[in-house]
Each structure stands twice: as structure tokens, then as C-alpha cells.
Amino acid sequence: MRRFLIIFSLGFFLSVLIYPAALRYPTDTLPDNNDTRLIAYIIGQVQNNLLRRQPLFYGTFFAPYDNTLTYSEPFVTTAVISLPFRLLTSSPITIFNFSFLLATSLTFAASFLLFAYLTKDSLKGLFAALLFNLSGFHLAYLPHLQLYSLWPFFSALYCFCRYQREEKSLFLHLFFLFTFLQLADSFLPVYFLFLICLIYWLQKPKHFLQILLSGLPFFLCVFIFLSPYLALPKTFPEAVRPIRDAAHFSLGLEEVFTKYRSWTIIILLFLTLRGPTSKLKPYFIILTSSLLLAFGPVVKAFGHTVKVFGLPLPLPYTLFYYFFPGFQGLRTPSRFIVLALIAASAIIATRLPKKPLLYTLVISLLLFEAGLPRPGYTIDAALPPVYAKVKALPQDAVILELPILLWNQPGHEIESVRSLYSLDHGHRRVGGFSGFAPKDWIILVEQINAFGLNRENQARLAQIGVTHLVENNHLQPLQ
């Protein structure tokens, strides 16, 4: 426990070093000017739902649709572990920043436990944890807490590795517990877990029946938790991402070297590839598999699809997209690069000579190329006066804030700010910003932007339950 607390404290120090605004300006600063506002809203809304005994995925945006928090990652685990902060403040921005510091400190500590166990050496484990947490491949996702905060993932993987080696059922139960905590926060790392654990298990396949039986309560909980998400593509067929989206958000061959500014990791990996690979075989398989998945469904280079005889070169991601559950809901294959980084960190730490001076030089290079500290983006946390009047409306009032914007329109960031406002006034609103939006909702917004509040649009708004308009800091009834 003492060692864990020391490593956790080091993780906290690194978190502040990387993003000091979380501690210096916690009330009015976020790591970016849009996505983290959405995450702050989701965390705050989940906490409100728990405290007010509302449905877990109830959201104020995208009225009149139900369970609109399922349009994005759940962030339930982060919301729960940061609930004690509600005793100090109800500000979603402050709670996000405190959650960031807590979750990233836990991520560093959990990654240390895993790497120290894999390398059988505390110093090598610390070095690997620093490689991972300071690499540009990881820091690039700082605004995306769903991929930056990975402490349940590392904890689950640590427990699985211990179960494989020591065959103690306690670690198997803990593995399923931490996997569920990861699932309740974000989905993609669970795919990471599945791939890594499958590769590890195939090295020494054993106790399949015990694993399956121990996982039955886990699978039941997963089904119950995911049922609103599973209903989404049935209600909205457009929730299934077209494979062209996956191709667009995948890495080009050159982007491994150009996008993440992490030449230290790349050079060290190439330098440590020599030598026998038998003991490191699982890491190399994970590294290769995750890189292939990060390249998406087809080979790309310099912004163009690579073609031979006029045909694109398909990659394994295509098979996963069509045949593996859930892959059609994923949009960003490039994020599998984080899984490649985990394998690369383990390979480098295992192969590199254990010399403190060399470790210090490598960490110094990482700090130099990381561009620290990462900037914060100021947000005006003060509610416009009109929202005091909105808060006083009847509980069933639904508001339309004008202008209402789609995610691809200039100034659309106001929608994520309005979501934060709704945590205070509590009313449902037509506008919204998230990872998904229903097609009918998009059409309605386009009609409002094209024709204003003409008679047709007013009738549509009344039909979906809109009662009031907010425009130019003024509240008025719809009709």
C-alpha cells in the first residue's frame, strides 16, 4: 500500500506537470474548447441522475428523445468516484478538473503495477509507466478522458496476468470487476482488454470453463448496463457508423511518425527490436495487431487510399467491422495506437539496459518533445441571467435555444456550453452536442436554420413538446 501511495503521488505530480490548469484554475478552465465540455456535462448529469434517482442515461439535451446520454461514452465510473467532490462544489468544470487529476493519477499508479509485474522489476515498471504516460501517443488524447484515463483497464489487465500465472480465483473475480468499471466509463479499452487477454490466454490456454463460469455475473451485468445502448441502432439505424467513417478516422501509414510527436518511443522501439523474441512474443503480437487495427479498414498514405489495380488494399479491421459485435458503433480506429503504445512500452522497458542514467535521458527527451505544460481553455462559467428564469419554469417545460447549431457549423461550441447550463436549470432542451445525433433531429435543426420559426417549424416544435424559446438572453413562450 505504501508503494502504491508513493506512485499515486508521483502520478498526481505528473498530472499537474502535464496540465497545471486543472489545479491552478479549476473553476473556469478545461483542456479543450469543446469535447471536454461535453464530458464535464456527462459526468455532472450522471451524478445528478444518481442523486435524484433519475434513469441512469437521462440527458437534458436532444429533447424529446429518451436516454440521450447513450449518444456518447457513459463515464459512469468517473462520475461515481468523483461524487465526493459534490460535497465541495456543484461546478461541473471544477469536478471535471478534480476528476482528471484523480483518474490520471490512478492511471499512472495502475500502469506501474502492471508493468512492474510484467517486467518483474519495480524500476523497469516505473520506467515503462513513464514511457506510456509521457508519450505523445498518450498525451494526444488528454482532452478525451475516455481514452486518457485507463486505470480500470490497467487494473483489469494486471489481475488477469496474475490469474494466468498464479491461478488464484480472486484475481479472476477482480479482473471482471475492473473490466466492468472500464466498460461503465468507456467502451474501446474493453476491446483492448479482449485482444490482449485473448493473446495472453492463447499462449497457455487453460481454465476456460472456470473463466467462463466466473464471468457469468459479469456478462449479466454488462447486458443490463448496455441494454439502452443496444436499443440505439434498433431505434436509429443511422447509429451504425458507415465503414467510410472508420476509413476517414484511421491512421495513414505516415501518421504513426508525424501525428503524435513521439520520436523517442519510435526510435527506442526500433533499437530494441533486435534479439530473441520468444519471451516477448505476446507483446509483439499485440503491437502488430493494434497497429493494423489503427490503420482502419483500408491502407492509406498521405491522405489518400492506397490502391492496386484500382482497388483499395483491405485490412483486418474490415472483418472486425462486419463480424465482431460493437465494431460498427466505433468511429475512430486510430485510437488503437494507444494499445500499440502499451506493448511498445513493455518491450522497451524489458529490452533496454537497466541504467538509471539512460532512463533519465529517455524521460528527459520525452518531457522535451511533449510540449509541456498542455494549455487550458477558459470557459465563462457564469450563467446568463435568462437561465434564472428558465430554472423557474414548470418541471415539464422544454426549451429551444436560438441559434441552434449542428456540430459542423461555425460556433457550434455554444451547444456544449448550454449543456453545462442545463445542469443548473434542469430542463430538457432541443439543442445538443454529442457523438451521435438522430437523423430526424438533424433535419429539424436544418429546417429551423433555413426557414426560422415559421408556422411549420413552430408546429413541429410544439408536437415534440417545446414550450419556451431562449434567444438574445430573453425567454418567451413558443406561441
Begin with the C-alpha distance, continue with both residues' side-chain angles, and end with the deciding distance and a verdict on salt bridge (Lys or Arg N to Asp or Glu O under 4.0 Å) for Glu415 and Arg37. CA-CA 10 Å; Glu415 294 294 347; Arg37 296 174 184 177; over 6 Å; no
Determine, stepwise, if the pair Phe154 / Phe132 fulfils ring-ring contact (aromatic ring centres under 6.0 Å, His included). CA-CA 12 Å; Phe154 281 115; Phe132 175 81; 5.2 Å; yes
With a 3.5 Å distance limit and no angle check, can you tell me whether [X] reaches the backbone of [Y] through a side-chain donor-acceptor pair?
| X | Y | answer |
| --- | --- | --- |
| Asp35 | Pro143 | no |
| Ser91 | Thr94 | yes |
| Asn67 | Thr70 | no |
| Glu471 | Leu402 | no |
| Thr305 | Pro312 | no |
| Asn97 | Thr29 | yes |
| Arg428 | Gly59 | yes |
| Ser214 | His173 | no |
| Arg261 | Phe257 | no |
| Glu254 | Phe302 | yes |

Side chains of [Y] and [X]: any donor to acceptor distance under 3.5 Å?
| X | Y | answer |
| --- | --- | --- |
| Ser416 | Asn34 | yes |
| Tyr377 | Glu413 | no |
| Asp32 | His144 | no |
| Ser135 | Tyr260 | no |
| Asn49 | Gln45 | yes |
| Ser419 | Arg429 | yes |
| Thr77 | Gln182 | no |
| Ser111 | Asn133 | yes |

At what distance, to the nearest 0.5 angstrom, does [atom1] of [X] lie from [atom2] of [Y]?
| X | Y | atom1 | atom2 | value |
| --- | --- | --- | --- | --- |
| Ser82 | Leu102 | OG | CG | 8.0 Å |
| Phe171 | Tyr158 | CZ | OH | 5.5 Å |
| Ile196 | Ile342 | CD1 | CD1 | 5.0 Å |
| Glu73 | Ile43 | CD | CD1 | 12.0 Å |
| Leu315 | Leu293 | CG | CG | 9.0 Å |
| Leu17 | Leu134 | CG | CG | 7.5 Å |

Could you check Leu147 against Ser186 for side-chain contact (heavy atoms from CB on, under 4.5 Å), going step by step and ending with a plain yes or no? CA-CA 8 Å; Leu147 202 59; Ser186 58; over 6 Å; no
Is the [X] to [Y] ring centre distance short of 6.0 Å?
| X | Y | value |
| --- | --- | --- |
| Tyr148 | Tyr19 | no |
| Phe61 | Tyr41 | yes |
| Phe175 | Phe160 | yes |
| Tyr317 | Phe320 | no |
| Phe62 | Tyr71 | yes |
| Phe57 | Tyr229 | yes |
| Tyr421 | Tyr387 | yes |

Quick one: are [X] and [Y] in side-chain contact, heavy atoms under 4.5 Å?
| X | Y | result |
| --- | --- | --- |
| Ile404 | Leu444 | no |
| Leu131 | Phe137 | no |
| Val222 | Leu183 | yes |

Just one of Leu23, Ile39, Leu142 clears the side chain to side chain contact (heavy atoms under 4.5 Å, CB included) bar with Phe100, so which one? Leu142
side-chain contact (heavy atoms from CB on, under 4.5 Å) between Arg86 and Ile95, intermediate numbers included: CA-CA 8 Å; Arg86 293 290 288 257; Ile95 289 174; 3.2 Å; yes
Which atom pair, heavy atoms only, marks the closest approach of [X] to [Y]?
| X | Y | answer |
| --- | --- | --- |
| Gln409 | Leu405 | OE1-CA, 3.3 Å |
| Leu56 | Leu69 | O-CD1, 3.8 Å |
| Pro31 | Phe96 | CD-CE2, 3.4 Å |
| Ala437 | Ile442 | O-CD1, 3.9 Å |
| Leu330 | Leu188 | CD1-CD1, 4.0 Å |
| Leu38 | Ser434 | CD2-CA, 3.8 Å |

For [X], does the [atom1] atom sit with more than 12 other heavy atoms under 6.0 Å from it, leaving out its own atoms?
| X | atom1 | value |
| --- | --- | --- |
| Gln463 | CD | no |
| Phe451 | CZ | no |
| Phe4 | CZ | yes |

Phe249 six-ring centre to Arg331 NZ/CZ under 6.0 Å and within 45° of normal: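 Here Arg331 passes the 6.0 Å and 45° test against Phe249.
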Which label fits His412 and Phe433: parallel for a plane angle under 30°, tilted from 30 to 60°, or perpendicular past 60°? tilted
Do the rings of Phe192 and Phe153 sit parallel, tilted or perpendicular, given the 30° and 60° boundaries?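 The arrangement is perpendicular - the two ring planes meet at more than 60°.
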Can you list the steps and then say if Phe180 with Phe225 is a ring-ring contact (aromatic ring centres under 6.0 Å, His included)? CA-CA 10 Å; Phe180 183 78; Phe225 181 82; 5.8 Å; yes
Test log, rule ring-ring contact (aromatic ring centres under 6.0 Å, His included), inputs Tyr65 and Trp441: CA-CA 9 Å; Tyr65 302 102; Trp441 178 88; 8.3 Å; no
Report the C-alpha distance between Thr104 and Leu14 in whole Å, list the side-chain angles of each, state the deciding distance to 0.1 Å, and finish with yes or no for side-chain contact (heavy atoms from CB on, under 4.5 Å). CA-CA 9 Å; Thr104 51; Leu14 284 175; over 6 Å; no
Test side-chain hydrogen bond (donor to acceptor under 3.5 Å, both in side chains) on Asn454 and Arg460; report intermediate values, then the result. CA-CA 10 Å; Asn454 58 18; Arg460 289 175 185 168; over 6 Å; no
